[in-house]
Amino acid sequence: MRETTDEGARDLQDEATGVDAAAICADLIRFDTVNRGEGVAHPERPAAEHVAALLDEAGVAATIVESAPGRASVLARIPGSDPAHPAFLVHGHLDVVPADPSEWSVPPFSGEVRDGCVWGRGAVDMKGTLAMTLATVRRRLREGRRTRGDLVLAFLADEECTGDHGSRYVAREHPEFFAGCTEAISESGGFSVHAGGRRVYPIATGERGTTWMRLTARGTAGHGSKPAPDNAVAEIAHAVSRIASYEWPVRLTPGVHALLDGLADALDTTIDHDRLDAEARRLGGVGQLFSGTIRNSANPTRLDAGYKINVVPGVATAQVDGRYLPGTGEEFLATIDRLLGPRVTREFLNYEEAPAADPAGGTFAALGAALRAEDPAARPVPYVMAGGTDAKSFHRLGIASFGFAPLLLGPDLDYFGMFHGVDERVPLEGLAFGTRVLDRFLDTR
């Protein structure tokens, strides 16, 4: 009878934590923290103050730090039960990308609950994860449960740009908060992907490096009616065309190889490494886990030149979003330089190395075990993210981050489409599941 009573009490606490996570998620969405990049952003300060207040209610002394007026992050360090045990970091970001209300079914900053989901910009990326973290930590502290090592929390500004006002700033100016941390968890992993009646849970163990570049072509300015043999606009257009049409070769890195092996085992199939593009299409949703990480990429995203139709400008520029796989940085830049040609130069707007964590270590095993404890059908697999996160900043401090924002999703919800997409939403049941998984995992820290 005692076991039944204890189990019933835990179920009630689990349910209450899930409800708390949903409410926090909706509240956070209502803070408009849109980040348009290049320093143009709505201030994260109001959302940061809300997060700090939630932690204060649980007895956590949170610190708000600003890198610029309004560009605020929240840092907290909760003492563990064993001062000699390594500290562990949980980090996430407060800012979101823009949303056009005319495209949405609900106002994107309403935090509306409809059809069993919390709707709004940031529901998935990544205020839902922040809400799960806050609800889980608040519950554990109410119940007097501590991690063995110190638990470090970072709720950050500016992830949707370069992190200059967020993760880069706190890593540089406040490294004392992260002393003793060697590992962390953050966004983009631990969610379910349905394939052939099975549920695969990718856990990110790395991501591609970032090379955002400005390309510049210089020529002779002149009248638009005269011959222009060194036309800067033409030069930049040719360079951009060469980059856009280049077919990058497949580079099978150890992290992606581990994913392919894990998927083959989880799905009881074989994956032909010599035709990975076709295999990604064949495997559908799980194919998206590797389709963007089997090669480097460089996408032109902006062109700027001229000021009048009958004036040939002397300078033309372009911007390119480049991403490279771990260990391929030199090859990537050599290829870009070849494609640019001798009359176009490049400079970095943002350069970040490709971080990686150990898929064979104890932390990955603990993350997988926490998922399986709540979903016995879970098949955790390691994967490499195509994009980037604040993990790059903490990599500089020697902290390896795993992408782990656990969600149990229905087969009809396009999780990948939710990122920066229209009608972003997160299921209430998924948030409740995530809090239970996070709680189990933190028991291992």
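The closest donor-acceptor contact from the side chain of Arg148 to the backbone of His85 lies at 3.5 Å or more, if one exists at all. A donor-acceptor distance shorter than 3.5 angstrom exists from the side chain of Arg30 to the backbone of Ser110, with no hydrogens or angles considered. Without hydrogens or angle criteria, Glu424 side chain to Gly122 main chain gives a donor-acceptor distance under 3.5 Å. Looking only at distances, no side-chain donor or acceptor of Asn350 sits under 3.5 Å from a matching main-chain atom of Trp212. A distance-only check finds no donor-acceptor pair linking the side chain of Arg138 to the backbone of Leu55 [under 3.5 Å]. Here the side chain of Asp158 pairs a donor or acceptor atom with the backbone of Asp164 at under 3.5 angstrom.
The pair Asp443-Arg440 does not meet the salt-bridge criterion, since no charged nitrogen lies less than 4.0 angstrom from a carboxylate oxygen. Under a 4.0 Å N-O distance rule, the pair Arg379/Asp265 qualifies as a salt bridge. Under a 4.0 Å N-O distance rule, the pair Asp321/Arg323 qualifies as a salt bridge. Here Arg445 does not pair with Asp150 in a salt bridge; the nearest charged N to carboxylate O distance is not below 4.0 Å. Checked for salt-bridge contact, Arg77 and Glu176 miss the test: no charged N lies under 4.0 Å from a carboxylate O. Salt-bridge annotation for Arg139 and Asp20: absent, with no side-chain N of the basic residue lying under 4.0 Å from a carboxylate O of the acidic one. Ion pairing between Lys392 and Asp390 fails under the 4.0 Å rule for side-chain N and carboxylate O. Residues Arg396 and Glu352 are paired through a salt bridge, judged by an N-O separation under 4.0 Å between the basic side chain and the carboxylate. Looking at Glu66 and Arg71, no side-chain N of the basic residue comes within less than 4.0 Å of a carboxylate O on the acidic one, giving no salt bridge. Under a 4.0 Å N-O distance rule, the pair Asp439/Arg145 qualifies as a salt bridge. Between Asp115 and Arg425 there is no salt bridge, since no side-chain nitrogen of the basic residue lies less than 4.0 Å from a carboxylate oxygen of the acidic one.
Closest approach of Ser186 and Met126 over heavy atoms only: OG-CE, 4.2 Å. Nearest heavy-atom pair across Phe416 and Gly285 is CE1-O, 4.1 Å. Considering every non-hydrogen atom in both Ala405 and Glu187, the closest pair reads CB-CA, 4.4 Å. Residue Ile29 comes nearest to Gly120 through the heavy atom pair CG2-CA, 3.8 Å, listed as atom of the first residue, atom of the second, then distance. Taking both residues in full, the closest heavy atoms of Thr33 and Pro43 are given as CG2-O, 4.1 Å, listed atom of the first, atom of the second, then distance. The two residues Pro107 and Glu112 make their nearest non-hydrogen contact at CD-OE1, 4.4 Å.
Taking a 6.0 Å sphere around CD of Glu38, one finds it holds 12 or fewer heavy atoms contributed by other residues, nucleotides or ligands. Within a 6.0 Å radius of CZ in Arg114, more than 12 heavy atoms belonging to other residues, nucleotides or ligands are found. By the 6.0 Å contact criterion, CD on Glu49 is enclosed, its count of non-hydrogen atoms from other residues, nucleotides or ligands being greater than 12. Taking a 6.0 Å sphere around CD of Glu15, one finds it holds 12 or fewer heavy atoms contributed by other residues, nucleotides or ligands. The local environment of CD in Glu330 is sparse, with at most 12 non-hydrogen atoms from other residues, nucleotides or ligands closer than 6.0 Å. Atom CD of Glu353 has 12 or fewer neighbouring heavy atoms from other residues, nucleotides or ligands inside a 6.0 Å radius.
The distance from the CG atom of Asp272 to the OG1 atom of Thr270 is 7.5 Å, given to the nearest 0.5 Å. Put simply, CG on Asp337 and CG on Leu333 are 6.5 Å apart, with the number rounded to the nearest 0.5 Å. The distance from atom OG1 of Thr133 to atom CD1 of Ile24, rounded to the nearest 0.5 Å, is 9.5 Å. Rounding to the nearest 0.5 Å places CG of Asn35 at 11.0 Å from CG of Leu94. Distance check, rounded to the nearest 0.5 Å: CG of Leu408 to CZ of Phe433 gives 5.0 Å. We find the OG1-CG distance between Thr335 and Asn296 to be 7.5 Å, quoted to the nearest 0.5 Å.
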request  = Please report the C-alpha distance between Val124 and Phe419 in whole Å, then the side-chain angles of each, then the deciding distance to 0.1 Å, and finally whether the side chain to side chain contact (heavy atoms under 4.5 Å, CB included) criterion is met.
outcome  = CA-CA 7 Å; Val124 167; Phe419 278 86; 3.6 Å; yes
side-chain hydrogen bond (donor to acceptor under 3.5 Å, both in side chains), that's the test. Do Thr301 and Gln319 meet it? Break it down for me. CA-CA 6 Å; Thr301 55; Gln319 293 183 18; 5.0 Å; no
* Decide side-chain hydrogen bond (donor to acceptor under 3.5 Å, both in side chains) for Glu44 and Ser73; before the verdict, give the C-alpha distance in whole Å, the side-chain angles of both, and the deciding distance to 0.1 Å. => CA-CA 7 Å; Glu44 294 93 347; Ser73 299; over 6 Å; no
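Note: Phe441 and Phe402 fail the aromatic proximity criterion, with ring centroids not under 6.0 Å apart. For Phe191 and Tyr201, the ring centers are positioned 6.0 Å apart or more. Under the 6.0 Å cut-off for aromatic ring centres, Trp248 and Phe332 qualify, their centroids lying closer than that. Aromatic pair Phe155/His93: ring centres not closer than 6.0 Å.
Looking at Asp423 and Ser105, their side chains do bring a donor and an acceptor atom within 3.5 Å of each other. Checked by atom type, the side-chain pair Ser401/His91 shows a donor-acceptor distance below 3.5 Å. For the residue pair Ser167 and Glu159, no side-chain donor N or O sits within less than 3.5 Å of a side-chain acceptor on the partner.
Looking at Val286 and Leu267, their side chains come closer than 4.5 Å, going by heavy atoms from C-beta outward. You'll find the side chain of Pro249 reaches within 4.5 Å of the side chain of Arg251, heavy atoms only. Two residues are said to be in side-chain contact when any heavy atoms from C-beta on lie closer than 4.5 Å; Leu407 and Pro427 fail this criterion. Side-chain contact between Val96 and Phe109: present, with at least one pair of heavy atoms (C-beta onward) separated by less than 4.5 Å. No side-chain heavy atom of Leu215 sits less than 4.5 Å from a side-chain heavy atom of Thr345. The side-chain heavy atoms of Met418 and Val426, taken from C-beta on, include no pair separated by under 4.5 Å. Contact of the His257 side chain with the Leu260 side chain is not registered, since no non-hydrogen atoms from C-beta on lie closer than 4.5 Å. Under the 4.5 Å side-chain criterion, counting only non-hydrogen atoms from C-beta, Arg295 is in contact with Asp277.
Using a 30° and 60° split on the angle between ring planes, Tyr351 and Tyr324 fall in the parallel class, below 30°.
Just one residue in the list Val60, Leu141, Leu89, Leu442 forms a side-chain contact (heavy atoms from CB on, under 4.5 Å) with Leu151, and that residue is Leu442.
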